[in-house]
Engineer: 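Before I ask anything, let me first share the structure, which is written out below as structure tokens.
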Amino acid sequence: FTPAQIVNVMRDLGSMGALQEVIDSLHAAASARSGEFKPRDIVAIIDAYAPQPRSLVSQLAPIEDLGSSHVKHSSALSNWLWLAAGHLPQMSDRDLVVLLHGVAKAGARDLSLLRSWEAAIFHRLERLSSRDLSLIVSDLGRLFYIRQSQVFPVIMNLLLDASKVDSLTAEGVCHIVSTLNRMEKKLDPRPSQGGYAELLRLLSDQFQRSLGEDTVPQTLCVGFLAIASLGYGTQEVLDMVCACTLASIKDFCREDVLNMAQGLNVLRHSVVGVSTTPVLPVLAEHALGALSFEDSWTPHQAVKFVLWLGELRAEDPDPEVLMTALDHHLRNHKKDYDPCLLVNAVLAAEALVGAGFGLSDVVDQIWGNLQTSLRVVPPSALLQLAVAVRSIRQYMPQHELPDKFEKIGQGLVAGAGGIDFDTGCSILQLWSNLPFRDVKLLEGVVGRVKTILQNDPGVGQAQQRAKLAYAIAKMGGATTPLNDVVCHDSKSVIETVLTSKDVSSGFVSDTKDLVHLLAAGSVVENKSAALVEGCRAVVQSLLTYHTRRLMLDEGFRGLLTLGVGCVVWDHGLRPEMLDPVLQPRFKLLLDHLRIGADQVSAVSEGEAEQSDDRDLSGDSLDSAEEAVLQSLQAVLQPLGVEAIPMYSAPPFTLRVCVPSHKIALEIGRRSDFVLDINQTRVEWLPFVAFRHRLLRSRGWQVVPVPFYDLQNCKDVVVLQRFLRRKISPIISALRG
């Protein structure tokens with residue numbers, strides 16, 4: 001055989017899928033005659049070693065693992081690569097491009113050869129065609145050689161020439177933008193040069209211009225996904241993509257449908273106002289019909305498709321159809337679903353439910369498959385699951401919600417050792433906003449966070465640690481006697497956060513975070529000297545940076561009054577103890593909050609923040625309070641004692657009280673209480689309990705009137721009898 005015939009045989013055998021052992025044997029035989037091969041023949045042999053991938057996705061896929069395959073390739077290709085390196089200066093421009101492509105296909109990441117190849121082609125780049133430049137970018141990306149490459153920046157600058165970009169085909173643009181998208185995610189931080197943004201704009205525009213009805217679906221979908229992911233999709237690009245999709249949908253494979261659905265979803269989240277509706281029904285119909293969604297799709301593909309289309313919140317395709325299809329797929333492929341994939345299935349169902357449609361029974365089906373294996377799901381996935389369940393809680397029977405969160409909590413406690421700081425903070429913030437409390441979860445996660453903070457007190461962001469301390473305080477970890485372990489660990493975490501350098505140095509800059517920090521530190525009983533100083537440091541930060549906002553924003557008033565009142569009343573903070581610059585600001589704040597060291601004060605229900613999403617303050621009583629007031633007045637009239645509504649007792653306003661005997665009735669709404677996870681015990685929310693403690697410390701008799709007692713008072717007579725039992729002993733004792 002002549003060298004040319006040998007090259008042709010190798011190429012034909014490779015394209016026919018011949019065994020690798022056969023191809024390696026031919027390479028070994030041909031190596032004995034390597035001196036007869038010209039540079040172009042050597043390049044052709046290297047290029048023929050691995051056949052061209054049949055799909056564009058495979059052509060663009062990076063060489064993720066160069067381990068065993070790289071060793072095998074080196075043994076067969078080492079002689080040819082060595083020969084190629086010796087002939088690089090004599091190779092033509094086209095041969096150099098083909099050589100790199102062959103090396104990328106074979107996964108033969110020979111760094112010495114790549115450096116020599118760059119030296120040979122560096123001064124020829126300007127005369128290469130746009131197509132060759134796009135192939136070079138793609139192949140360098142596949143070989144993970146962009147970060148070290150001297151050629152890549154030059155090519156990026158060359159492509160800023162509009163004439164170069166204008167001659168690119170849609171496939172050429174796809175090669176470049178897919179590599180740039182992968183570079184941002186895996187190789188380097190996003191380039192900050194101004195020319196990079198201009199290049200992406202040029203590529204996006206050229207992609208739109210080069211599309212047509214004859215565009216290959218893979219090029220269309222992969223290119224569109226990359227452009228959308230880079231943040232340069234526009235309505236014009238989307239309109240052209242939709243037109244091409246409608247024209248060629250019958251040729252879309254599953255990967256094409258998935259890439260298109262993901263691209264539409266990414267674009268919707270990154271560009272405001274785009275309309276994706278026209279193409280969605282076509283995608284769904286093709287997936288559920290021609291592509292046999294229920295039978296041939298893998299679990300991963302099915303869940304991702306429903307998730308992405310569901311998140312688009314589209315009226316079409318009908319979410320009920322997608323839910324039914326997902327339900328059937330779950331039943332047919334139950335054994336193929338691992339727990340993490342089932343979590344994504346819940347997220348997919350949540351996305352569809354968020355569009356406002358019924359839930360059917362698919363979530364129950366998913367949950368039935370999932371709950372038996374929750375203990376092996378990673379904590380980050382369990383957190384996603386909890387967020388999804390909370391998002392669709394209004395569609396579930398309310399009695400089932402605590403059970404679902406208890407199961408998730410058990411999984412989190414079982415995997416607490418794998419919880420990182422970010423996940424732990426997110427878990428506690430989510431659970432702090434639930435209407436029930438899970439003591440076991442609180443113990444496990446707070447204990448894990450405490451250990452992380454002990455090993456690295458500076459872990460995470462300052463604002464993140466502030467939210468962590470507030471979440472623990474909201475759940476009563478440091479105040480309610482849940483158990484000794486929870487109380488000790490919670491106090492330790494709150495103290496670590498408040499005594500950190502971030503607080504004393506003013507790195508916590510958000511006003512709300514500082515107010516939450518102050519409130520968290522204030523509710524801790526039996527504070528250490530360090531924690532008291534931490535609370536004072538927060539007050540100083542508030543006065544230094546946020547005095548004006550504190551005076552203008554009434555939303556901070558409830559918690560701020562509790563926190564500042566605590567450091568003034570319980571810990572004796574006075575203006576003269578602060579820096580001279582801060583003293584007048586502190587006096588203004590005390591006047592604004594109507595706090596004075598010598599004032600007798602009570603805390604009203606309305607002025608203590610119960611949650612982050614409602615303000616309970618008001619200038620009139622609600623119906624329950626009005627009924628209590630009228631019945632109380634009837635009870636007290638024979639005793640010559642008067643009950644007063646909305647009584648001004650600076651710094652607060654008492655909604656129902658008996659001022660003459662310093663009795664404050666705390667009428668608790670359902671939202672003022674928290675249930676344990678088993679719904680067997682009801683307790684006041686931590687900040688309401690803290691308000692009661694402050695009231696008692698200021699000399700007030702606190703008479704709790706919880707909602708469940710009021711529910712048992714069916715009429716006025718029963719209510720009066722209830723209040724008489726509550727109030728009369730106190731008045732009698734005071735008079736006696």
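Just so you know, these numbers use all the heavy atoms, side chains as well, and skip hydrogens, waters and symmetry mates.
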Engineer: So, using side chain to side chain contact (heavy atoms under 4.5 Å, CB included) as the criterion, who are the partners of Ala44 when residues are at least two apart?
Structural biologist: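 Applying side chain to side chain contact (heavy atoms under 4.5 Å, CB included) to Ala44 gives Val7, Arg11.
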
Engineer: Would you please test Leu128 and Ile136 for side-chain contact (heavy atoms from CB on, under 4.5 Å) and show each step?
Structural biologist: CA-CA 10 Å; Leu128 293 180; Ile136 291 174; 3.7 Å; yes

Engineer: Of the non-hydrogen atoms in Val497 and Ala466, which two are nearest, and what is the gap between them?
Structural biologist: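 Heavy atoms only, the tightest pair is CG1-N, 4.3 Å.
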
Engineer: Under the side chain to side chain contact (heavy atoms under 4.5 Å, CB included) test, which residues partner Met156, sequence neighbours left out?
Structural biologist: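 For Met156, the residues satisfying side chain to side chain contact (heavy atoms under 4.5 Å, CB included) (neighbours in sequence not counted) are Val137, Phe152, Leu159, Leu180, Leu199.
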
Engineer: Counting C-beta onward and ignoring hydrogens, is there a side-chain heavy-atom pair between Leu283 and Leu264 closer than 4.5 Å?
Structural biologist: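 Sidechains of Leu264 and Leu283: in contact.
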
Engineer: In this structure, are over 12 heavy atoms from other groups packed under 6.0 Å from Gln150 atom CD?
Structural biologist: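 Counting other residues, nucleotides and ligands, CD of Gln150 stays at 12 neighbours or fewer.
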
Engineer: Start with the C-alpha distance between Arg201 and Glu198, add both sets of side-chain angles, then the distance that settles salt bridge (charged side-chain N to carboxylate O under 4.0 Å, His left out), and finish with yes or no.
Structural biologist: CA-CA 5 Å; Arg201 186 190 65 77; Glu198 175 63 16; 2.5 Å; yes

Engineer: A quick test of your reading: do over 12 heavy atoms of other residues, nucleotides or ligands sit less than 6.0 Å from CD of Gln461?
Structural biologist: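 No.
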
Engineer: Atom CZ of residue position Arg131 - does it have more than 12 heavy atoms of other residues, nucleotides or ligands inside 6.0 Å?
Structural biologist: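 Atom CZ in Arg131 is not packed in, count stays at 12 or less.
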
Engineer: Within the structure provided, determine whether Asp47 and Leu99 are in side-chain contact (heavy-atom separation under 4.5 Å).
Structural biologist: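 A side-chain contact is absent here, since even the closest heavy-atom pair is not under 4.5 Å.
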
Engineer: Only one of Leu83, Ile42, Val43 clears side-chain contact (heavy atoms from CB on, under 4.5 Å) with Phe37; which?
Structural biologist: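 Passing option: Ile42.
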
Engineer: For Ile419 and Ile452, which heavy atoms make the closest approach, and how far apart are they?
Structural biologist: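 Nearest pair, atom of Ile419 first, then Ile452: O-CD1, 3.6 Å.
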
Engineer: Carefully, step by step, assess Gln464 and Phe421 under the rule side-chain contact (heavy atoms from CB on, under 4.5 Å).
Structural biologist: CA-CA 10 Å; Gln464 189 181 32; Phe421 186 73; 3.6 Å; yes

Engineer: To check you understand the geometry: which heavy-atom pair defines the closest contact between Ser210 and Leu168, and what is its length?
Structural biologist: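 Nearest pair, atom of Ser210 first, then Leu168: CB-O, 4.2 Å.
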
Engineer: Grab the two heavy atoms, one from Gly172 and one from Ser134, that are nearest each other, plus how far apart they are.
Structural biologist: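 Minimum heavy-atom contact is O-CB, 3.6 Å.
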
Engineer: Does the side chain of Leu230 come within less than 4.5 Å of Leu203's, by heavy atoms?
Structural biologist: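 The answer is no; the side chains never approach within 4.5 Å.
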
Engineer: Return yes if some donor-acceptor pair links the side-chain N/O of Trp117 with the main-chain N/O of Leu96 below 3.5 Å, else return no.
Structural biologist: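 Present.
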
Engineer: Do Arg94 and Asp132 have side-chain heavy atoms sitting under 4.5 Å apart?
Structural biologist: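 Yes, their side chains come closer than 4.5 Å.
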
Engineer: Considering all heavy atoms of both residues, which atom of Met240 and which atom of Leu211 are nearest to each other, and what is their separation?
Structural biologist: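 It is CE-O, 3.3 Å.
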
Engineer: Side chains of Leu140 and Thr179, heavy atoms from C-beta outward: is any pair under 4.5 Å?
Structural biologist: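 They are not in side-chain contact.
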
Engineer: Answer yes or no: is there a side-chain heavy-atom contact under 4.5 Å between Glu118 and Ser149?
Structural biologist: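 The answer is yes, as the side chains (C-beta and beyond) meet within the 4.5 Å cut-off.
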
Engineer: Are side-chain heavy atoms of Asp139 and Val97 found at a separation under 4.5 Å?
Structural biologist: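 The answer is no, as the side chains (C-beta and beyond) never meet within the 4.5 Å cut-off.
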
Engineer: Restricting to pairs with a member in residues 148-170, which pass salt bridge (charged side-chain N to carboxylate O under 4.0 Å, His left out), not counting sequence neighbours?
Structural biologist: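 The answer is Asp166-Arg209.
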
Engineer: Passes side-chain contact (heavy atoms from CB on, under 4.5 Å), Cys174 versus Phe224? Steps please.
Structural biologist: CA-CA 8 Å; Cys174 184; Phe224 172 61; over 6 Å; no

Engineer: Please find the pair of heavy atoms, one from Leu220 and one from Phe207, that lie closest to each other, and give the distance.
Structural biologist: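 Closest approach of Leu220 to Phe207: O-CZ, 3.7 Å.
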
Engineer: Verify, without hydrogens or angle tests, whether Thr423 (side chain) and Asp420 (backbone) share a donor-acceptor contact under 3.5 angstrom.
Structural biologist: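 Flag not set: sc Thr423 to bb Asp420 has no pair under 3.5 Å.
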
Engineer: Is a donor from one side chain sitting under 3.5 angstrom from an acceptor on the other, for Ser130 and Ser167?
Structural biologist: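 Judged by distance alone, the side chains do pair up.
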
Engineer: I'd like to know if the side chain of Asp95 pairs up with that of Ser92 as donor and acceptor (distance under 3.5 Å, no hydrogens or angles considered).
Structural biologist: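 A pair is found: one side chain offers a donor N or O, the other an acceptor, under 3.5 Å apart.
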
Engineer: Would you give the length of the straight line joining atom CG of Leu383 to atom CG of Asp422, rounded to the nearest 0.5 angstrom?
Structural biologist: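 That separation rounds to 10.5 Å.
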
Engineer: Backbone N or O of Val282 within a donor-acceptor pair of the Glu285 side chain at under 3.5 Å?
Structural biologist: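 No, the answer is negative, given that no donor and acceptor are paired below the 3.5 Å cut-off.
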
Engineer: Mark yes or no for whether His286, through its side chain, and Ile249, through its backbone, hold a donor-acceptor pair below 3.5 Å.
Structural biologist: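 At least one qualifying donor-acceptor pair exists.
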
Engineer: Measuring from Leu100:CG to Leu135:CG, what's the distance to the nearest 0.5 Å?
Structural biologist: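 Output value for this atom pair is 9.0 Å.
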
Engineer: Can a side-chain donor-acceptor contact be found between Gln235 and Asp239 if the only test is distance below 3.5 angstrom?
Structural biologist: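 Per modelled atom types, Asp239 and Gln235 side chains form a pair under 3.5 Å.
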
Engineer: Would a 4.5 Å heavy-atom cut-off, applied to side chains only, mark Val241 and Val279 as touching?
Structural biologist: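 Contact flag for Val241/Val279 side chains = no.
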
Engineer: Okay, side chain of Ser248, backbone of Cys244: is any donor-acceptor separation there less than 3.5 Å?
Structural biologist: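 Checked: pair present.
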
Engineer: Ignoring hydrogens and geometry beyond distance, is a side-chain donor-acceptor pair present between Asn181 and Ser178 at under 3.5 Å?
Structural biologist: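 Per modelled atom types, Asn181 and Ser178 side chains form no pair under 3.5 Å.
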
Engineer: Could you give me the CA-CA distance, side-chain angles and deciding distance for Phe252 and Gln218, then say whether side-chain contact (heavy atoms from CB on, under 4.5 Å) is met?
Structural biologist: CA-CA 8 Å; Phe252 274 41; Gln218 282 198 333; over 6 Å; no

